[in-house]
Amino acid sequence: MPSSFVNHWLLAASLLSSTSPSSTITGFTFGHHRRRTSSSCHPSHRTLLRPRSPSLDTPVLLAKPIASSEQNIPSLDTHYNRFHRFRTPPHNAPHINNILLLSDLHCDYSPNRDWLEGICNNQDDNDSNTMILVAGDVSHNIDILRWTFRTLKRKFGEVAFTPGNHDLWIDKKRKQRIATTLDSDDGSNSDRGITNGEGDGCTNSIEKLEKILQLCIDEGVRVGPIQVDSLLVVPLLSWYHPSFDSEPAIDSECWKGIPSARKVVADYRKAKWPEPLSPFDDSVAQFIDELNDVILDFDSFKDGTADEATTILSFSHFLPRIDLIPEKRYLSLPTLHSCVGSTFLEARLRRLTNRYDDRRLGNTSNSHGSNHLHAFGHSHLSWDATLDGVRYVHVPLAYPREWEQRRRSLEIGTMKGDASDEMYPVCIWEKQISSTKGSEVALSSAEYIKSGFPQEWLGGWWSKYYDIMPRQPHRNKELAPWAARRFRQQPGGLIENFDHIWVEKRHKLQHPSYGSAGTGNWYKRADMK
């Protein structure tokens, strides 16, 4: 595997092996990268951040730039103002009947491109009334990102996107041979097999984000709010920050050799942030979160047709809550929690939920008791759980190698099967299932629904585990067997007696079966066997 594509999720636990509970990712050695320091951590730089908006209805005023006698640092106002051109009112899409979800496509890998091309070239059914949400991590390569958008647009009526960390990596000038056709503007195959080699031309990740959003506009990919009858779809920009990790670290006296995330996570080398932003504090996460106030037209939500929305479907790349990922003792990189999520994101979700509170909601379309479903990515661990009134779902494509090593921790809904061509993006919202005509099949009369989110649990091994078992982060002297063998056990260090098969049998963690096909999903397409 090319070293340029080594990602921090290769460090994540081989949490569930399809062959053996003890199977782990092999052939990877922790990198020893020089730890960077930055003057951007200075407190005086953080004062440039804009004040938090108390609600979605309150306009956010840009703070006045603070002059520096020592450095010529552009104010954050300059960066914020570059994104005003992407602000659009909600796009009305009444033709959409169902919405699919997928994240972490990682189309740098040819098996993932081949799978995506395969499902998009299948024209047996009409998907012009289908929207797909892509929750980040497609590629750092602009050419591959463009190819992915065009491939999805050929298949689906609407495509909505929010970028992930991989997408914001700075791509240097180099050529890369790939096996999939990159369509040229005239529809020919002149770009087949090689990218243009020009890189992205960006000096930092803010420029890269701006370039990606412009690419989305050019390709007809939605980056702003979308109105589908009574549903409001909201893409949210996000980034992680170290203070998101609120749980105790693994005891360093019990286990030696555990590196900090910043030493091994590629983002710290490949994503570049201009001062006063720093990846070592909360500034990047807060800046990216507040870009939502610039780009999302919440005034139109209040005064326009979006005010009629009764259900909310938001999506981001990063995690809004720490309880959407297993505890540290279950990860092969126990320090990974510091670069997975954002509390700014969770606060924004709560404000969005409160905006459409129960007094304005006429029905509950989600049997989990929530009128707000939030989709996320990044962890490469499938998830479906409802916490504090919001339902959280993660449907990753992930890396091909991960499907070989820990398939059970990835499977969810229609994203499962013995072969890749059996997998399909998971449907997380549907307007109606009323007949067997066309490409939709009603599985049983009990599953006829008028409108809304899935009525049953979609899957997600670890989300089911935590639905049954309490979270116990205080057990920080222990490591799971697959994590323990990576580090040096000291006196007092414990290895948890964790057997996946026993846990599955004891707590019945198998997927529920819906219909004779046993697809593990409430929704079945005619082309799925």
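Each residue takes its place number in the sequence, starting with 1. Only heavy atoms go into these numbers, but all of them, side chains included; no hydrogens, no water, no symmetry mates.
- If you run side-chain contact (heavy atoms from CB on, under 4.5 Å) between Leu105 and each of Leu116, Asp137, Asn112, only Leu116 comes through.
- Leu100 contributes atom CG, which lies 8.0 Å from atom CD1 of Ile428 (distance to the nearest 0.5 angstrom).
- A donor and an acceptor atom, one from each side chain of Thr311 and Asn371, are nowhere located under 3.5 Å apart.
- Distance check: Ile325 CD1 to Tyr466 OH gives 9.5 Å after rounding to the nearest 0.5 Å.
- The pair Glu117-Lys155 does not meet the salt-bridge criterion, since no charged nitrogen lies less than 4.0 angstrom from a carboxylate oxygen.
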Evaluate salt bridge (charged side-chain N to carboxylate O under 4.0 Å, His left out) for Asp171 paired with Lys270, printing each intermediate quantity in order. CA-CA 8 Å; Asp171 185 20; Lys270 297 187 177 184; over 6 Å; no
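- Side chain of Asn292 to backbone of Leu237: a donor-acceptor contact under 3.5 angstrom is found.
- There is no side-chain donor-acceptor pair under 3.5 Å between Arg350 and Thr353.
- The pair Asp127-Arg154 does not count as a salt bridge, with every side-chain nitrogen at least 4.0 angstrom from each carboxylate oxygen.
- Atom NZ of Lys263 is separated from atom CG of Leu333 by 12.0 Å, given to the nearest 0.5 angstrom.
- A cation-pi arrangement is not found for Arg391 relative to Phe453, the charged atom failing to lie both closer than 6.0 Å to the ring centre and inside a 45° cone about the ring normal.
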Please test Tyr330 against Trp462 for ring-ring contact (aromatic ring centres under 6.0 Å, His included), starting from the C-alpha separation and ending with a verdict. CA-CA 11 Å; Tyr330 295 131; Trp462 281 102; 5.0 Å; yes
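- Remark: side-chain polar atoms of Thr414 are paired, donor with acceptor, to backbone N or O of Pro425 under 3.5 angstrom.
- When all heavy atoms of His394 and Ser103 are compared, the pair lying nearest together is CE1-OG, 3.0 Å.
- What you find for Ser338 and Tyr240 is that their closest heavy atoms are O-CD1, 3.9 Å.
- Between the side chain of Lys211 and the main chain of Asp200, a donor-acceptor pair closer than 3.5 Å is present.
- In this structure, Phe86 and Phe83 have tilted ring planes: the angle between them lies in the 30° to 60° band.
- Side-chain contact between Leu319 and Leu345 is absent, with no heavy atoms from C-beta onward closer than 4.5 Å.
- Phe376 places a side-chain heavy atom less than 4.5 Å from the side chain of Ser379.
- Between Ser238 and His317, the side chains place no donor N or O within less than 3.5 Å of an acceptor N or O (distance only, hydrogens not considered).
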Salt bridge (charged side-chain N to carboxylate O under 4.0 Å, His left out) between Arg348 and Glu290, intermediate numbers included: CA-CA 10 Å; Arg348 183 168 295 277; Glu290 290 176 344; over 6 Å; no
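- Between Trp383 and Ile412 the shortest heavy-atom distance is O-CD1, 3.5 Å.
- The shortest non-hydrogen separation linking Ser139 to Asp167 is N-OD1, 3.0 Å.
- Residues Ile226 and Ile96 are not in side-chain contact: their nearest non-hydrogen atoms beyond the backbone lie 4.5 Å or more apart.
- The two residues Thr335 and Ser260 have their closest heavy-atom pair at OG1-C, 3.7 Å.
- Checked against the 6.0 Å centroid threshold, Phe149 and Phe161 count as a close aromatic pair.
- Of all the heavy atoms in Ser382 and Gly460, the pair that sits closest is OG-CA, 3.3 Å.
- A donor-acceptor contact shorter than 3.5 Å is absent between the side chain of Arg329 and the backbone of Ala480.
- With a 4.5 Å cut-off on side-chain heavy atoms, Ile288 and Leu209 count as touching.
- Judged by a 6.0 Å distance limit and a 45° cone about the ring axis, Lys208 is not positioned over the six-membered ring of Trp169.
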Check step by step if side chain to side chain donor-acceptor pair (under 3.5 Å) holds for Ser110 and Arg113. CA-CA 5 Å; Ser110 58; Arg113 293 194 302 273; 4.7 Å; no
Leu213/Ile217 under side chain to side chain contact (heavy atoms under 4.5 Å, CB included): CA gap, chis, key distance, verdict: CA-CA 6 Å; Leu213 294 181; Ile217 299 300; 5.7 Å; no
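- The closest side-chain heavy-atom distance from Val284 to Phe287 is not below 4.5 Å.
- Listed for the Arg222 side chain is no donor-acceptor partner under 3.5 Å among the backbone atoms of Val159.
- Side-chain polar atoms of His166 and His378 form no donor-acceptor pair below 3.5 angstrom.
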Going through the checks in order, is the ring-ring contact (aromatic ring centres under 6.0 Å, His included) test met by Tyr109 and Tyr399? CA-CA 8 Å; Tyr109 292 87; Tyr399 298 116; 5.1 Å; yes
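- Note that CD of Glu346 is 12.0 Å distant from CD1 of Ile322, once rounded to the nearest 0.5 Å.
- At least one side-chain heavy atom of Leu291 sits less than 4.5 Å from a side-chain heavy atom of Tyr80.
- A salt bridge links Glu247 to Arg471: one of the charged nitrogens lies within less than 4.0 Å of a carboxylate oxygen.
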Run the side chain to side chain contact (heavy atoms under 4.5 Å, CB included) test on Leu313 and Leu133 for me, step by step, so that the C-alpha distance in whole Å, both residues' side-chain angles and the decisive distance to 0.1 Å come before the verdict. CA-CA 10 Å; Leu313 173 51; Leu133 310 183; 3.8 Å; yes
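- We find the OH-OG distance between Tyr392 and Ser314 to be 8.0 Å, quoted to the nearest 0.5 Å.
- A donor-acceptor pair is defined here as one N or O able to donate and one able to accept, closer than 3.5 Å; such a pair exists between the side chain of Trp403 and the backbone of Leu397.
- When each of Lys153, Arg150, Gln214 is tested with Glu219 by the rule side chain to side chain donor-acceptor pair (under 3.5 Å), just one qualifies, namely Arg150.
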Begin from the C-alpha positions of Asp218 and Arg146 and carry the test side chain to side chain contact (heavy atoms under 4.5 Å, CB included) through to its verdict. CA-CA 10 Å; Asp218 295 342; Arg146 180 183 296 108; over 6 Å; no
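- Within the 4.5 Å cutoff, the side chain of His79 has heavy atoms near those of the Pro274 side chain.
- With Thr162 contributing its side chain and Leu236 its backbone, the two residues share a donor-acceptor pair below 3.5 Å.
- Between the side chains of His380 and Glu402, at least one donor-acceptor pair of N or O atoms lies under 3.5 Å.
- Note on ring orientation: taking the six-membered ring where Trp is involved, the planes of His241 and Phe244 are perpendicular (angle over 60°, cut-offs 30° and 60°).
- At least one side-chain heavy atom of Arg82 sits under 4.5 Å from a side-chain heavy atom of Glu207.
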What do the steps show when you test Val390 against Leu373 for side chain to side chain contact (heavy atoms under 4.5 Å, CB included), and what is the final call? CA-CA 6 Å; Val390 176; Leu373 187 150; over 6 Å; no
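- The structure places OH of Tyr465 at 13.0 Å from OG of Ser463, a figure rounded to the nearest 0.5 Å.
- Classification of Arg321 and Asp388 as a salt-bridged pair holds, one side-chain N sitting under 4.0 Å from a carboxylate O.
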